[in-house]
Amino acid sequence: MAVTTKIWSDTYYDSVTLMLGSSMISALPGIDEAMVLMGTDRNKTVIRASGLIAEGTGSFGPNDIVIGIRSEDEAAARTAIETLEAFLTSKKGSGDRNITARTLAGALREDPGINLAMISVPGRYARAEVEKALDSGLHVMLFSDNVPLEDEIALKDRALEKGLLMMGPDCGTAIVNGCALGFANVVRRGNIGLVAAAGTGLQEITVLIDRLGGGVSQALGTGGRDLKEDVGGRMMGLCLEALRDDPATEVIAILSKPPHPSVVEKMKAIIATIGKPVVACFLGADEDALAGTHAVYAKDCEQCARIAVELAGTALPEKDEAWIRETAAAEAALLAPGQRYLRGLYSGGTLCYEAMLAFRDAGIPAYSNIAIDRELLLENPDLSREHTLVDMGEDFFTNGMPHPMIDLRMRIERMARDCAEPDVAVLLLDCVGGYGTHDDPAGALAPAIVSAKAAAKAQGRHLPVIASVTASEGDPQVRSAQEQTLRDAGAIVCDCNAQAVRLAFAILDRIEA
Amino acid sequence: MENKVNKLFSSQLAIANVGVDIFAKAFRAQDTPCVHVEWRPPAGGNKKMVDLLSKLKDL
């Protein structure tokens, strides 16, 4: 094995681009391990600990790119570096850089009409950039994570003083004036306004609303910590008031994990001022969480979307669930003795959480890396046991790696490992599209589904694969095309995650019987 | 406090994209005006310099 280290001085790329590059060259023939990082102090430690600094490597700093490669020989490393260079150059060239600026102030000189800043810089720099944006009178969507809690509170207070949105940190999804921001979908415009502290959940609900014939006025994100005690629902409050006062919004839908009790009280006070129907989905909360208000309870994303669409005056299509029983019976009949466990491998955090809650409510123990019940927390998120639901977008997996909604390789590797276990009976998958996500997630999953099923068959097992697509017909990936790709690969495609979980339960029920 | 959020809802959205450039591409694909800011860490990411600069700004 040879270790090669290359430094590109005074060159900056964002972490998503570098992680994609790193992941791409790691997969090249003859490469054992590869890292491509900015040379910050933290990254220096990481790359040194991985043994990817070759002897004689000169000094480097936070403004330099450092590439560390362990390969079979030097030729493989050279090819990898050339591939990386071509990839990064293509990024520079294809950045669609109609107008660019070096600073936010420069951007405002280019276009004084700018009214929102989308900020996705590394977390430790986020506060300074958000402050600049707010002080320039811009609304902010803060995609960055790893932003300290005290910074979040300070930034939200500053935004509130100015009457501006500060969606985030760690806000992955929003739709403002019909434009998808971050990981978000192209959906019909309409009269349902949403506010959520859960990114993929907001994608799932907006996509379902679109599919059910409804439309979205605005879909705002608050960041996952907004409804915790410390942040106190600062942004939820502003968003609810804005939707209340928005003439285009006739129904309001709220989505989050259960808020802190003190935040619930604040929300109740605001809801009392809203003269429009409200539906609230607090994943995992009791039905009476908003008792005393006119808000309608929804237990999951599907129910939330259905209630919102109905309240908005659109007749719901009939819910045909008979096929679930029939499909489950047919699939279960093909299983070999001993096959009894489900593996759910998710890229969307809220979708995994929703599945986990459904298991809890059904009284079926499922291990997870995001389990609420400590006894069901996976000791090692890399290793499944019995029924397991894995959120592969969680920090353990994404630390230094691209999010599984952008790069599906990690999930595909896990699929092969989990499905090779003889007692696995069902594989459950999400497939999330929309702007910001992988160009063709179903196309990336399809070969892995085919080979997982083929490998099982070679061992005399049948492997049902259940999937649902979180994308709309208007998305760049086109929902129906994604569904067809998955079906062609042998997956059973459900209308949404909640339905996919119901089908999985029906198969597990049959096994029990 | 004036709520400027409702004003945003009735305005043409125009975005400054600071950071990851895939988002700039997505905005342009949706015909939303966008200026991409080619962000780099201030002071070349040198922590001491960043702290000094922020102290200067506070003065």
Side-chain angles (χ1 to χ4, degrees), chain A residues 12 14 16-17 38 40-41 61-63 91 95-104 106-108 110-111 113-122 125 128-129 133 137-139 143-144 160-165 176-177 179-182 186 217-218 238-239 241-242 245-246 248 435-436 476, chain B:
Chain A
Y12 180 83
D14 64 71
V16 174
T17 303
M38 295 306 298
T40 59
D41 289 346
N63 222 15
K91 281 278 167 188
D96 214 343
R97 286 150 198 273
N98 303 341
I99 319 175
T100 57
R102 298 298 294 268
T103 61
L104 184 62
L108 286 164
E110 287 286 348
D111 181 357
I114 287 172
N115 44 22
L116 185 141
M118 171 78 179
I119 297 178
S120 53
V121 301
Y125 299 109
E129 295 303 321
L138 305 183
H139 299 278
F143 184 84
S144 314
L160 289 175
E161 274 168 31
K162 295 168 186 291
L164 294 167
L165 287 174
V176 172
N177 299 354
C179 179
L181 306 177
V186 179
S217 55
Q218 308 288 345
L238 182 74
C239 292
E241 286 166 2
D245 298 340
D246 175 31
Y435 279 110
Chain B
M1 176 203 80
E2 182 200 356
N3 182 342
K4 297 185 181 119
V5 186
N6 293 96
K7 197 177 154 202
L8 174 73
F9 292 167
S10 56
S11 309
Q12 163 69 52
L13 183 67
I15 301 173
N17 182 58
V18 187
V20 179
D21 75 348
I22 50 169
F23 296 136
K25 275 189 246 176
F27 299 143
R28 286 175 186 146
Q30 297 175 83
D31 293 325
T32 298
C34 169
V35 178
H36 177 64
V37 177
E38 291 185 314
W39 185 89
R40 279 172 161 235
N46 182 321
K47 261 189 193 160
K48 279 184 189 163
M49 282 301 287
V50 173
D51 289 346
L52 273 172
L53 282 172
S54 87
K55 276 179 191 148
L56 275 173
K57 202 182 86 183
D58 291 342
L59 289 173

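Naming: A, B, ... by sequence-line order, numbering from 1 per chain. Just so it is clear, the model here is predicted, and its values are computed rather than measured.
- Listed for the B/Q30 side chain is a donor-acceptor partner under 3.5 Å among the backbone atoms of A/A180.
- Neither the backbone nor the side chain of A/A133 comes within contact range of chain B; no heavy atoms are under 4.5 Å apart.
- Heavy-atom distances place the side chain of A/N177, and not its backbone, under 4.5 Å from chain B.
- Contacts between A/V16 and chain B at a heavy-atom distance below 4.5 Å involve the side chain alone, from C-beta outward.
- Only the side chain of B/F23 has a heavy atom closer than 4.5 Å to any heavy atom of chain A.
- Neither the backbone nor the side chain of A/L108 comes within contact range of chain B, judged by heavy atoms closer than 4.5 Å.
- Among all heavy-atom pairs drawn from B/I22 and A/G436, the shortest one is CD1-O, 3.8 Å.
- Residue A/T103 touches chain B through its backbone alone, counting heavy-atom pairs closer than 4.5 Å.
- In this structure, the portions of B/L13 lying under 4.5 Å from any heavy atom of chain A include both its backbone and its side chain.
- Of all non-hydrogen atoms in A/I114 and B/A16, the two that sit nearest each other are CG2-N, 3.7 Å.
- The contact between B/S11 and chain A is made by backbone and side chain atoms together, counting heavy-atom distances below 4.5 Å.
- Listed for the B/T32 side chain is no donor-acceptor partner under 3.5 Å among the backbone atoms of A/C179.
- Contact detail for A/I99 and B/R28: the closest heavy-atom pair is O-NH2, 2.8 Å.
- Between B/A14 and A/D111, the shortest heavy-atom contact is CB-OD2, 4.0 Å.
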